[in-house]
Structures are given as C-alpha cells and as structure tokens.
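A short worksheet on the structure shown next.
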Number of protein chains: 2
Amino acid sequence: MLLSNTCIYGLRASVLLASKDGEKFVTIRELSNELHISFHFLTKVLQLLTKSELLTSYKGPNGGVKLARPASEITFMDIVVSIDGKNIIKECALGLPGCGEIASCPLHDEWVAMKGNILKMMHSVSLEQLAQSKNPGQSNVLADLKSLTA
Amino acid sequence: MLLSNTCIYGLRASVLLASKDGEKFVTIRELSNELHISFHFLTKVLQLLTKSELLTSYKGPNGGVKLARPASEITFMDIVVSIDGKNIIKECALGLPGCGEIASCPLHDEWVAMKGNILKMMHSVSLEQLAQSKNPGQSNVLADLKSLTA
DNA sequence: GTATTTTAAGATAAAATACTCTTAAATATT
DNA sequence: AATATTTAAGAGTATTTTATCTTAAAATAC
C-alpha cells in the first residue's frame with residue numbers, strides 16, 4: 001500500500017478538522033468518536049502533526065487540536081510527509097538503489113512520470129478541497145469519514 | 001511503499017532468470033549469490049512463484065528453478081500479484097472503505113486514473129522487456145540487479 | 001541402496017508497524 | 001488550593017513483515 005494506516009488516520013482527522021470551525025479547539029476524543037478510531041492511537045498520530053506544526057494543540061478544559069493554518073493552505077502532501085515521510089514512492093519500481101543516477105532500468109521513465117503525477121496530486125489538493133466535495137456527482141467525504149468502521 | 005520487499009526480491013530474481021537460458025534450471029543458490037539476497041529467504045519467495053506456476057522447480061542435482069513460460073509471456077504484474085496480491089493500491093486514497101460505490105471522495109477520479117495507469121504499466125511490461133533494456137540511453141537492468149547490495 | 005544435491009516446509013527470531021494503557025503536565029473552573 | 005479536563009509522553013502489547021535456521025522430501029549419481 002502507498003500510505004500507512006497511521007497516515008490515513010491522520011488524513012481523515014485532518015479533513016474532519018478542516019470541516020469544522022477553524023477557530024475552536026476540537027478534542028481528540030470527539031474526533032476519535034466521529035472517525036471510529038481508538039482515542040489513544042489517534043492521540044499519538046495527531047501528536048506527529050502537532051510536532052510538524054500542521055496542528056496547534058491546547059491542554060486542559062476547552063482544549064484540543066485545530067489546524068495551525070487555514071485548511072486551504074494545508075495540503076494532502078503536508079499530512080503525508082509529516083507521518084510517512086518524503087519517500088513514500090521508491091525511486092525505482094524494482095527497488096534498485098542506483099537506478100536513475102548513472103543508468104536506469106527499463107521502467108525508469110514511466111515510473112518517474114507516474115510518481116510525479118501522484119506527488120503532484122497530493123501537493124495540489126488542500127484539506128479544504130477534501131472537506132467540501134465540489135463535484136455534484138460526489139457526496140461529501142465526511143459522511144464516509146465518519147460512518148465507516150473498517 | 002507500493003511493493004513489499006519480498007515482491008521486489010521476486011521481481012529481481014525473475015528478471016535475472018529471464019536473462020538466462022530459459023531451458024536450464026538455475027539454482028536458487030546462484031540467484032541469491034548474484035542478487036545478494038539471503039539464500040533461505042529467496043527460497044521462500046520463489047516458492048510463492050512456483051506455487052503460482054510462474055516458475056517451474058526441480059529438486060536434486062542439476063535442479064533449480066526456471067520460468068514456466070517464455071519471458072515475453074510473463075508480466076511484471078504476474079509477479080506482483082503472485083507475491084503482494086491484487087490489491088496493491090487501495091480503492092481510495094483516504095482509505096475510505098465505501099468510496100466509489102455509492103458516493104466518492106473528492107480525490108476519487110484522479111486516484112482511479114492513476115491507479116489504472118500503474119496497473120496498466122505493470123500489466124504491459126514483460127520480464128523479457130525488463131531483462132533486455134532496449135532504449136539506447138538505458139543500461140541493462142541486470143548490472144544493477146547484480147551489483148547492488150542495499 | 002547410499003551419499004549428494006537441491007527445493008520444500010516448518011519452526012523460530014528479529015524488526016517494523018499498529019495499537020493500548022498508564023502516568024505526567026498544562027489549563028480551567030470552582 | 002482542589003479538582004476536572006485534556007494533550008504529551010512513555011512503557012508495554014500484538015500483529016505483520018522480514019529474515020534465519022533446521023529438517024524433510026525429492027531427484028540424481030555412484
């Protein structure tokens with residue numbers, strides 16, 4: 001799989017946060033309830049995003065987490081990099097460590113193009129876009145985000 | 001990552017086999033030496049390919065493994081499916097289990113298109129093509145296959 | 001048939017990932 | 001100050017992936 005489970009949890013929580021009032025702190029308990037993700041585990045995941053300064057957190061009553069920047073300014077990619085790191089797609093489809101530097105494997109060009117497309121998409125899609133589905137044929141992602149367990 | 005380590009080992013060994021005389025059995029010991037992969041682990045990996053009938057194996061002296069079909073008739077995809085299964089790329093980038101059935105997340109269309117491209121490439125590239133680099137600018141993949149450790 | 005070569009299979013170990021539980025620290029309310 | 005709320009941090013557990021080691025089974029050669 002391209003993204004770890006942990007990363008997908010982080011993405012879902014971020015999109016959910018993006019759908020809420022960006023000023024208020026939202027408790028991780030609330031997020032974990034709506035997303036059906038274990039509270040303790042989600043806490044760990046969101047700590048990563050907080051350390052990366054994509055989220056701001058606040059302890060104590062009325063505390064919680066919120067996006068550190070407007071949802072339009074945080075990309076899918078930001079979340080992915082924060083949790084899974086920069087190398088989610090290997091340089092070479094065959095895992096050849098030297099591929100592309102001096103010589104390349106036969107898949108190289110196609111692979112680089114596809115990798116580029118995926119990264120480009122991740123970079124160009126914001127949490128705001130993910131939170132509000134714009135195409136008429138598509139329902140809001142939030143319904144799925146919340147209702148599904150598996 | 002898209003493909004497991006195990007799968008990449010299987011791919012490398014298959015490409016190496018494709019570069020050799022397709023009639024003779026090649027010992028796993030020889031493959032593991034050339035690829036710098038642990039003999040015992042490679043044995044396990046190739047057992048999967050043998051079970052999937054992509055390789056033929058033979059025990060005893062002068063035994064080993066060889067491709068079950070001509071290298072031109074075995075695809076990158078065949079190897080990947082045999083080792084990592086059919087679902088190497090999730091339906092939905094956000095891991096939403098229901099995405100695409102009734103409603104879709106905002107990434108859906110782009111994601112499906114990219115997934116299709118990757119699968120198409122894997123399906124259209126044969127072991128023969130991987131074994132003999134055809135583009136002048138590209139070195140043969142075998143040099144990398146053999147020489148690199150990591 | 002005995003020894004040798006080689007894959008097959010199983011048991012075990014190590015590492016990475018996923019997840020849980022407990023305690024500490026910070027903040028707010030009373 | 002005392003208590004409740006909430007994130008942070010750390011320790012611990014479980015599962016999956018990766019890798020190793022041992023033994024068994026099959027085939028050959030002598």
Side-chain angles (χ1 to χ4, degrees), chain A residues 1-14 17 24-33 35-68 80 82-85 87-88 90 95 149-150, chain B residues 1-14 17 24-33 35-68 80 82-85 87-88 90 95 149-150:
Chain A
M1 307 295 173
L2 203 56
L3 303 176
S4 70
N5 244 340
T6 304
C7 184
I8 288 176
Y9 290 163
L11 280 164
R12 290 204 210 168
S14 302
L17 274 176
K24 289 183 199 150
F25 286 103
V26 180
T27 66
I28 300 176
R29 181 70 66 183
E30 181 181 335
L31 295 172
S32 74
N33 285 340
L35 297 170
H36 302 103
I37 300 173
S38 141
F39 165 72
H40 288 293
F41 191 55
L42 187 57
T43 297
K44 286 273 180 239
V45 177
L46 298 190
Q47 276 175 29
L48 295 172
L49 298 179
T50 302
K51 273 187 195 150
S52 306
E53 299 186 326
L54 295 169
L55 301 185
T56 309
S57 68
Y58 204 78
K59 289 178 183 174
N62 308 316
V65 293
K66 65 180 182 184
L67 299 181
V80 169
S82 169
I83 295 176
D84 277 352
N87 300 310
I88 51 167
K90 286 205 174 114
T149 318
Chain B
M1 306 296 173
L2 205 56
L3 304 175
S4 72
N5 242 341
T6 304
C7 184
I8 287 175
Y9 289 162
L11 280 164
R12 290 203 209 168
S14 302
L17 274 175
K24 290 182 199 150
F25 286 103
V26 180
T27 66
I28 300 177
R29 181 71 66 183
E30 181 180 336
L31 295 172
S32 73
N33 285 339
L35 298 171
H36 302 103
I37 299 172
S38 141
F39 164 73
H40 288 292
F41 190 57
L42 187 57
T43 296
K44 287 268 182 247
V45 177
L46 297 190
Q47 275 176 32
L48 295 172
L49 298 179
T50 302
K51 273 187 195 152
S52 307
E53 300 187 327
L54 294 169
L55 301 186
T56 310
S57 68
Y58 204 77
K59 291 178 184 174
N62 308 315
V65 294
K66 64 180 183 185
L67 300 181
V80 169
S82 168
I83 296 174
D84 277 352
N87 300 310
I88 51 167
K90 285 202 174 116
T149 318

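In what follows, every chain begins at residue 1, and chains take the letters A, B, ... in the order their sequences are listed.
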About how many Å separate [atom2] of [Y] and [atom1] of [X], when rounded to the nearest 0.5 Å?
X       : Y       : atom1 : atom2 : answer
A/Glu53 : A/Ser82 : CD    : OG    : 10.5 Å
B/Tyr9  : B/Ser38 : OH    : OG    : 8.5 Å
B/Leu46 : B/Ile83 : CG    : CD1   : 7.5 Å
B/Ser57 : B/Leu49 : OG    : CG    : 11.0 Å
A/Leu48 : A/Leu55 : CG    : CG    : 10.0 Å

From CZ of B/Arg12 over to P of D/dT18, roughly how many Å is that when rounded to an integer? 13 Å
Whole-Å gap separating P (C/dG10) and CG (B/Leu48): 13 Å
Over all heavy atoms of both residues, which pair between B/Asp84 and B/Leu2 is shortest? Give the atoms and the distance, please. OD2-O, 4.4 Å
Could you encode protein contacts along nucleotides 12-19 of chain C as a string, one character per nucleotide from 5' to 3', using B for base contact, S for sugar-phosphate-only contact and - for no contact, with a heavy-atom cut-off of under 4.0 Å? ------SB
Please tabulate the protein-to-nucleotide N/O contacts below 3.5 Å involving nucleotides 5-8 of chain C, giving atom names and distances.
{"residue": "C/dT6", "atom": "O4'", "partner": "B/Gly60", "partner atom": "O", "Å": "3.4"}
{"residue": "C/dT7", "atom": "OP1", "partner": "B/Ile28", "partner atom": "N", "Å": "2.8"}
{"residue": "C/dT7", "atom": "O3'", "partner": "B/Ser57", "partner atom": "OG", "Å": "3.3"}
{"residue": "C/dA8", "atom": "OP1", "partner": "B/Ser57", "partner atom": "OG", "Å": "2.7"}

Please say which of B/Asn33, B/Ile28, B/Val65 ends up in a side-chain contact (heavy atoms from CB on, under 4.5 Å) with B/Leu42. B/Ile28
Consecutive-pair stems (at least three Watson-Crick or G-U pairs, under 3.5 Å) that include DNA chain D: C:1-30 with D:1-30
For atom CD of A/Glu30, is the number of surrounding heavy atoms from other residues, nucleotides or ligands below 6.0 Å larger than 12? yes
Taking the side chain as every heavy atom from C-beta outward, state whether B/Arg12 and B/Leu31 have any pair of such atoms under 4.5 Å apart. no
Measuring only between side-chain heavy atoms, which start at C-beta, is A/Leu3 closer than 4.5 Å to A/Leu11? yes
